[in-house]
Structures are given as C-alpha cells and as structure tokens.
Peer 1: 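A single structure is presented below for examination.
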Amino acid sequence: MFEQLSQNSSYRNLYQGQWADGVHGDTISVKAPADGKFLGTIPSLHKDEIDAYLRSARDAQKSWADMPVNERARILRKTADILDAGAKEIGGILSDEISKGLSSAIGEVHRTADFIRFTADQGELVEGRSIGSENFPHFKKDKISVVTRVPLGLVLAISPFNYPINLAGSKIAPALIAGNSVVLKPPTSGAISGLYLAAAFQEAGLPAGVLTTVTGRGSEIGDYLVTHPLVDFINFTGSSAVGKHIAEIAGMVPLMMELGGKDAAIILEDADLELAAKLIVSGAYGYSGQRCTAVKRVLAEEPIADELAANVLERVKKLHVGQPKENADITPLINTHAADYVQELIDDALQKGAKLLTGNKRNGNLLAPTLFDYVTADMRLAWEEPFGPVLPIIRIRNAEEGIELSNRSEYGLQGAVFTRDINKAFYVASRLDVGTVQINGKPERGPDHFPFLGVKSSGMGTQGIRYSIEAMSRPKVTVINFQGI
Ligand code: NAP
Ligand code: G3H
C-alpha cells in the first residue's frame, strides 16, 4: 500500500498528489536513535520548491472547501481504516525512527485512526446560527445575522518528534474537515512516519494538493515556512524556545501553539500513596520521559514523603531498560544532544546536594531511570524540562507551598493533585495556573476530544477535536436587512 512512498529507501514528499523527489537532489539521512541503523533519506527542500509546494496547496483549497462536508468526512473515515489496517507496518517504522516501544508505536497509529474518525463525525455536526437584531438593546426586529463557519485557507502544520503520527494527524484531520488545505512539516526525526500518514490520506482519495508535505531541517526551512505569505494559520507543537521564536517572526498569522511543560504532581498527606506512586512512575517515565505531559516534578508533603519516595523507588527499579523492539519502558533518547542535556541536569542536582535514589547511569543515549529526593529550588531540575527519564521529588510543608512552587514555573501545561479530600482537591485545582488539573490522575492529553491547552510558556490556543476544528475555521457573517417593506 505504501510502495510509492520511497524508492530504494529514498523517501519522497507528497506534492500535487504525487510522490516527488526534491528537484535539487539534497537529502537528509534518517537513522534509528537506538542502534544507528540507516532507515532512509528524506528530501531537504529548497526555498523555490517550498514556494511551489505551498502554491499548489493554496490552489487546491477552494475546491476542497466546496466539497460537501459529508464527502470530506468519508475520505477521513477511509484514512482511519487504512491506518488501522497498516498499523503494524507504520508502527514498526515509527518505533525504529523515534525509539518508541513497538506496542506504544502501534498504539499511536490506532489512536490516530480513532482521532480521525471522531473528527469526521464531529465535523459533520458543525452548525451555524442565526442571531436577531432585537436581542440587543434599542434595536428593532429588522436584521438577522446568519453565522456560518468557513475555513481559514492554508494551514501549516508543524509536528514534534515524540508523536510523529498522532501530533500530525491531530492537526491535519481537523484542518481538513473544516475545509482547509494543509502543508505538513514533519520533524526530521519522525519524518518517515509523517510521510506514511500522508500516504494514508492520499490512498483514501484526498484530492491532489489538499495535503502536501515539506521535509527539511527546521533550522534551515522553518523561518521561511512560518513567514511565507501563502500561510493562513500555523499549528505548531514543539519546544517553547522554537514556539516563541515562531511567535516573534510570524506577524499577523494566527497561531496555535502546544509547547513544553514542567507538570507537577502535588501529593497531599491524605493521598492514596499506592495509586499516586503507580501513576507518578508511569507518568514520569513513559517513553523515557519524552512526553510534554510527563510528570516532571513531584511535590510531596513532608509527613508522607519518605513512604512515597520508597514506593516510587521500588517501582522505578522494576522498569525495563532496553530497546524499543523489546517494548522496554526506558529506551535510548532521540539523540545525543538530548541525552547530554538530561545529564547536565542530573549533574547539577548532584553537585547541589540532591539525594540520588537510583539511576545516573548512561550508555550512549540510553539513560537509566533516575530518581532524586530532596531537590530544592536552587537546582535546575526543579524548573527545567529534561524530556528524559529523570524525576525530582521536592518536599513541601503544605499544599500552599505546592501551589506556589507549581505556579512559579514558566510553564503551565497540566498539574495533578492526589488527595482523598475533595475539598482540598478542588481548592488546589482552582489555584494552579495550568491548562488542565488532574485530580487523582496523571497528566495526559487524552481522551483526544477533551480540550488540551497550555498557559504561559506552554502554549496558546486550545486543541481537542471540536476545539481544533473551531480554531481552524472562522465565523462568516451574512446580515439580512428586512426593514422597509
Ligand atoms: P522542537 O525542536 O521545537 O521541534 C518541533 C518541530 O519544529 C520540528 O518539526 C522541527 O523541525 C520544527 N522546527 C525547528 N525549528 C523551527 C523553526 N525555526 N521554524 C519552524 N519549525 C521549526 O521540538 P521537539 O524536540 O521535536 O519536541 C519536544 C518538545 O515539544 C518538548 O519541549 C515538548 O514538551 C514539546 N511538546 C509539546 C506538546 C504539547 O502538546 N504541549 C506535545 C509534544 C511535544 P526539525 O525536527 O527539522 O528540527
Ligand atoms: O508530548 C505531548 C503529548 O501531547 C502528550 O500526549 O499525554 O497522550 O502522552 P499524551
């Protein structure tokens, strides 16, 4: 089904409904982070090619928007079926490409299929409204405003390495159902997976040009893309640093940004510690900590901190460290730079007197799961996002201190509070400056129709299926004036 995507491991871009090599012939080699295995090459596009690709996407948009939404939904549902059918093949590539456990990688493909199907259903339910003039003080009954929703035009979707299928699909599907055309810039690590996703849309019968892919390093083509005059909306997921840079240069183009996080789990002394420890470990170390919503700090009330730390430690020691194909919990990080950065944070915490409970072992990009107790506010680990398998426990006197430490962060993605007292739970939840608070649960994005957003350096705009469709469409107002008959 995906044969046309590549020739002799040379992957190509989707351009005008065909698989195209770059005209200049420049390519980037993609290698598996776990063992360095060569996976293929992707085109490194030049500016003139980007101009042509964006132009074709823009040209295709109008007739796509004119297609009845039920027909657009049919193509999305077919895409979802193709993804489900190809989940093993695509998941295998994804697992190799970003060093994600094979079952999780296959699960990501199925999750994306579910997302796309739900988007098709939700898109068919989008309705306009009419508003009478007499609803407003001193106005007569002589006007009706008919409000429909129309697409924005060309959506530029930029996805990160850690969910190369899901965080591309969750941009593309809502954009398409709303009648936009989409240009996908996949992450360089994860690009092949992104191209497979595009192939599923193409195979499902998406008209030529409605989805286009542009591969190349963000550091080389990113600025050109995000300032391109043909782009009507930028939907970006990635680091706060790149997100802020895009926001600075993008001008008047509307933005959706899902960025970094430093999610805190606040554990109050009356919490169910078994539950808290279990969810802290799965939340912090899943995909080796490379999730925006990973638990990145534990703020534990002093009276239960010893017991909690011991429980968490016992579970961390049982994590399976190994290779993605073995479905290990902890696998090699995406690249050496990422592993070096995590090591820096570990070294800083050690040097400043944090107590190492386990970990701090390294073999290339593979870092053992690392747990610290007695982390304090002067340590970088208390504030920075490691995006790796290291977790600090910070001891707090009371809930107020937990709230204060949580809110002092530059980030505001999610937070969690564990307690058996619903009053305390709501009190803490109401005071955390984050997009979402989980009560007795770990931070996580799904289910994918829930609103998902970050505040402060964690983002702008709201994702989640209905919210994403709304964000990538706008009201169109037609006023019928009927005075004077
Ligand atoms: P990243 O380095 O910011 O890259 C994200 C995407 O931006 C990649 O496709 C990258 O391309 C591209 N890019 C780089 N420079 C660019 C530029 N100047 N203009 C336009 N695009 C550019 O992030 P990452 O390392 O892939 O992902 C990890 C980060 O994403 C973490 O901070 C994590 O918390 C965050 N994240 C947030 C969410 C959320 O929903 N809040 C979800 C997932 C991840 P190249 O790959 O070619 O460099
Ligand atoms: O990495 C960020 C993702 O949006 C998190 O999704 O909570 O389902 O792992 P997740």
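Whatever order the structure lists them in is the order used to number ligands and atoms, beginning at 1.
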Peer 1: Anything with a heavy atom under 4.0 Å from ligand 2 counts, so go ahead and list those protein residues by chain and number.
Peer 2: R111, N162, Y163, R291, C292, T293, E444, R445

Peer 1: Kindly indicate, with the supporting measurements, whether the criterion salt bridge (Lys or Arg N to Asp or Glu O under 4.0 Å) is fulfilled by D51 and R55.
Peer 2: CA-CA 6 Å; D51 290 340; R55 170 51 60 200; over 6 Å; no

Peer 1: Do the side chains of R291 and D263 get close enough for a salt bridge, i.e. N-O under 4.0 angstrom?
Peer 2: no

Peer 1: Can a donor-acceptor pair be found between the side chains of S56 and Q16 at a distance below 3.5 Å?
Peer 2: no

Peer 1: Please tabulate, one line per pair, the protein N or O atoms found under 3.5 Å from any N or O atom of ligand 1, giving the distance to one decimal.
Peer 2:
unit_1, atom_1, unit_2, atom_2, d
ligand 1, 3 (O), S239, N, 2.9
ligand 1, 3 (O), S239, OG, 2.6
ligand 1, 9 (O), S159, O, 2.8
ligand 1, 11 (O), K185, NZ, 3.0
ligand 1, 18 (N), D223, OD1, 3.1
ligand 1, 23 (O), S239, N, 3.4
ligand 1, 26 (O), F161, N, 3.1
ligand 1, 30 (O), G238, O, 3.2
ligand 1, 30 (O), S239, N, 3.4
ligand 1, 32 (O), E385, OE1, 2.8
ligand 1, 34 (O), E385, OE2, 2.7
ligand 1, 41 (N), L259, N, 3.2
ligand 1, 41 (N), L259, O, 2.7
ligand 1, 46 (O), T188, N, 2.9
ligand 1, 47 (O), K185, NZ, 3.0
ligand 1, 47 (O), T188, OG1, 2.6
ligand 1, 47 (O), G218, N, 2.8

Peer 1: Using a strict threshold of under 4.0 Å (side-chain N to carboxylate O), is an ion pair present between K244 and E248?
Peer 2: no

Peer 1: Test of understanding: with side-chain hydrogen bond (donor to acceptor under 3.5 Å, both in side chains), list the residues that count as partners of S193, not counting sequence neighbours.
Peer 2: E97

Peer 1: Check K100 with E108, please: is the shortest side-chain N to carboxylate O separation under 4.0 Å?
Peer 2: yes

Peer 1: Applying ring pair (Phe, Tyr, Trp, His ring centres under 6.0 Å), can you list everything that pairs with F452, at least two apart in sequence or on another chain?
Peer 2: none

Peer 1: Does a salt bridge link D329 with K318, judged by any charged N lying under 4.0 Å from a carboxylate O?
Peer 2: no

Peer 1: Quick check on the 6.0 Å ring-centre criterion: do Y341 and H337 meet it?
Peer 2: no

